[in-house]
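Heads up: numbering here begins at 1 and tracks the sequence.
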Amino acid sequence: MSPTTPTDPLPSRPQDEAHARARHWQATRRLTLVLLALWLCTSFGTVYFARELARFSLFGWPLSFYMAAQGASLVSLAIIAFYAWRMRRLDRMAGGRT
């Protein structure tokens with residue numbers, strides 16, 4: 001009789017699964033906090049430092065005007081896209097089925 005190889009990996013211990021879930025949620029919280037801080041800087045910081053930002057120009061417009069009109073919205077969309085991409089990757093690494 002030839003030795004057979006198992007088709008499924010050995011079941012992991014509940015402690016290992018709990019530790020993996022804790023690491024996943026820690027990474028999720030850290031990512032969320034960093035992206036929220038970036039969002040706060042671009043939305044609130046643009047308004048708070050509008051006079052200082054007006055000295056710089058982007059595409060011929062004062063930077064404060066550009067950030068208020070389009071830049072903050074574009075940064076928010078970029079944050080959402082990055083969050084979705086990174087969370088899908090974190091979920092796959094944690095064993096999710098997405």
Joining Ile, Leu, Val, Met, Phe, Trp and Tyr whenever any side-chain heavy atoms lie under 4.5 Å apart, the cluster holding Val34 also takes in none
Contacts satisfying side chain to side chain donor-acceptor pair (under 3.5 Å) that involve residues 18-41 (not counting sequence neighbours) are His19-Arg23, His24-Asp91
*asked:* If hydrophobic clusters are built by linking Ile, Leu, Val, Met, Phe, Trp and Tyr wherever their side-chain heavy atoms come under 4.5 Å apart, do Leu33 and Leu38 end up in the same one?
replied: no
CG (Leu31) and CG (Leu36) are apart, to the nearest 0.5 Å, by 9.5 Å
Residues passing the ring pair (Phe, Tyr, Trp, His ring centres under 6.0 Å) test with Phe44, sequence neighbours excluded, are Tyr48
For residues 61-85, run the donor-acceptor check on the side chains, cut-off 3.5 Å, and write out each pair with its distance to 0.1 Å, sequence neighbours left out.
| from | atom 1 | to | atom 2 | distance (Å) |
| --- | --- | --- | --- | --- |
| Ser76 | OG | Ala72 | O | 2.9 |

